[in-house]
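For reference, the structure is listed below as structure tokens.
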Amino acid sequence: MRYLVSVIDDKSNPGSTDRQPAISAFNERLMAEGYWVFAGGLADTDAATVVDNRGEQAVFSDGPFVESKEYLAGVWVWEAPDLDVALKLATEASRACDRKVEVRPFNE
Amino acid sequence: MSDVEAAITRAHHDEWARVVAALARRFGDLDVAEEAAAEAFATAVERWPADGVPPNPGAWLTTTANHKAIDRIRRENKRDDKHKEARMLRDDTPPELLGGIDDDRLRLIFTCSHPALAMEARVALTLRMVGGLKVPEIARAFLVRETAMERRITRAKAKIKAAGVPYRVPAAEDLPARVSGVLAVLFLVFNEGYLATGPDTDPVRHDLTAEAIRLTRLIRALLPRDGEVAGLLALMLLTEARRTARVSANGELVALDEQDRGAWDAALIAEGHRLVRERLAAAAAGDAPGRYQILAAINAVHTSAPDIRDTDWSQILALYDQLVRLDPSPIIALNRAIAVAEVDGPQVALAAVDPLEQTLADYHAYHATRADLLRRLGRSLQSRAAYDRAIALAGNTAETAYLTRRRDQLR
């Protein structure tokens, strides 16, 4: 099964900024063990633009679609045989990046 | 009850979990398993009075349920060509470390109490899928509307399917934590039965305590070497043994010191003591006891005393000291203080209780304990205020009646 793993940071209580070596090491392991599909850290939510072209003309607005204390700081996509495997990896991921992570399955 | 009705009830008790578990494995879908099992039992109710009880009711029910499941899957495939074959992830390698025990019911139990589900969903799903309780029964037990309970169970099953919760006994290294999760579900069911909340609820819900004990016995049979399973079963038995002595004829809670010990259930106590002795021997051999085993040992000390004055309080205090090291929660500290009062006096106990105010200010037992200690110290005014607070917070009718009487007896 394929899982989206969202890294959640908190503006009022951010995780530490020195995690890159730990995350890289963890990513290498994900690749070696065949779970890795994709990974990426995101720029600040200030850099986001929301586009809405459902009406007459496209509307662009500055900033994220929802302003909140907690925000998406990065994502992984993993291929794992079941939720137990995904949760075990997520437990290590949270430690590696020093942030909360959300594990959510893709629709099959 | 006729012989056939009794046979159906017995078959439901003995075979429900086995039928659901086998179907869940074969068809990879909890919905299909639950519905087919329910249909098979409905068919038994219809047929057995006329056809007679089959020689092997379990085999009959499994076969019938299998046919019902296949019928249902065919119907759905016809209705929806795109219907994918139901598939729940499953792992058929036999679990390690369990002495070769490979029972589908274990898979079912672990799946229903999976940590990715909310606690209330785990409880509901376990009672439905493993216990075989009907949705309206579970809804009544937890004072929730039937539709809400139905939704809770449906959502849990949908998450299991969508998120890929495996139908599997956890790996050896995860087993202790996962067993402890299963036991937490059963302990919650037991406690809700033992100290039922709600102004219009019976003070003790024997249906829930009995169900919790039945399911814990099942897990004990499946995991006979797990110390905490034995500990929880002993704890439940030694608590259940005092059930009838615990509420008076006029619906008032009877505290341990006022209970008629002759009314305790000697058979349950003997069984509980046997389990505690088994775990004490294991502890002596170096198998460190967990919290349920220590709580069971505390209850074994209480139930060994023919009279409250015979209670070995220093033994109880020593066990609480051991428990505090494992679980430094304020509720354990509060219960420890009750033993402290017996060993070192109410003044020392009160000094141990007062610092808990910050975390336990909204917990009725905190105020009830303080009220009792203040009463014993002759501080009636403060005791009365503490009783008032405890009465306002207590949710159990028998407990409210007891606290009210104790308050009104203050001079």
Side-chain angles (χ1 to χ4, degrees), chain A residues 1-10 13 15 22 25-40 68-108, chain B residues 24-25 28-31 76 80 82-98 106-119 121-122 125 155-182:
Chain A
M1 293 195 53
R2 199 158 274 199
Y3 296 90
L4 174 71
V5 180
S6 310
V7 178
I8 303 155
D9 207 351
D10 185 333
N13 182 25
F26 179 65
N27 277 335
E28 269 162 41
R29 231 201 70 204
L30 288 174
M31 289 179 204
E33 292 175 9
Y35 301 119
W36 197 88
V37 177
F38 177 82
S68 61
K69 202 162 74 68
E70 292 188 322
Y71 66 99
L72 187 65
V75 294
W76 270 289
V77 177
W78 297 338
E79 183 68 44
D82 61 51
L83 186 66
D84 280 0
V85 176
L87 292 182
K88 186 163 267 186
L89 293 170
T91 307
E92 294 174 47
S94 168
R95 178 61 59 93
C97 69
D98 190 33
R99 279 153 183 87
K100 286 199 290 194
V101 300
E102 178 197 278
V103 179
R104 192 163 160 196
F106 280 90
N107 256 335
E108 288 276 282
Chain B
R25 170 126 87 122
D29 189 306
L30 289 180
D31 265 330
E76 287 186 353
D80 176 10
K82 279 181 288 182
H83 179 89
K84 273 182 284 175
E85 197 181 324
R87 80 284 163 271
M88 193 161 50
L89 299 144
R90 55 190 196 266
D91 173 5
D92 290 339
T93 50
E96 326 144 45
L97 256 206
L98 298 175
L106 266 183
R107 290 187 168 80
L108 186 63
I109 288 164
F110 282 112
T111 302
C112 290
S113 63
H114 196 275
L117 302 171
M119 192 61 178
R122 291 185 221 173
L125 204 58
R155 272 191 52 188
K157 286 188 294 193
K159 177 166 185 184
I160 287 172
K161 210 190 256 189
V165 171
Y167 194 57
R168 173 172 61 205
V169 173
E173 76 257 30
D174 299 330
L175 203 59
R178 293 290 304 277
V179 168
S180 137
V182 170

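Given the structure is predicted, the values throughout are model-derived calculations rather than measurements. Every chain is numbered from 1, with letters handed out A, B, ... down the list of sequences. The figures here come from the full heavy-atom set of this structure, side chains too, leaving out hydrogens, waters and symmetry mates.
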- Message: Within the supplied structure, the quantity of interest is the number of heavy atoms (other residues, nucleotides, ligands) at a distance under 6.0 Å from R155(B) CZ; does it exceed 12?
- Response: no
Separation between CZ (F110(B)) and CG (D84(A)), nearest 0.5 Å, reads 11.0 Å
For A163(B) and P105(A) the tightest heavy-atom approach is CA-CG, 3.5 Å
Closest non-hydrogen contact found for A116(B) with L87(A) is CB-CD1, 4.3 Å
For F38(A), does the CZ atom sit with more than 12 other heavy atoms under 6.0 Å from it, leaving out its own atoms?
-> no
Output for pair (I160(B) CD1, L83(A) CG), nearest 0.5 Å, gives 10.0 Å
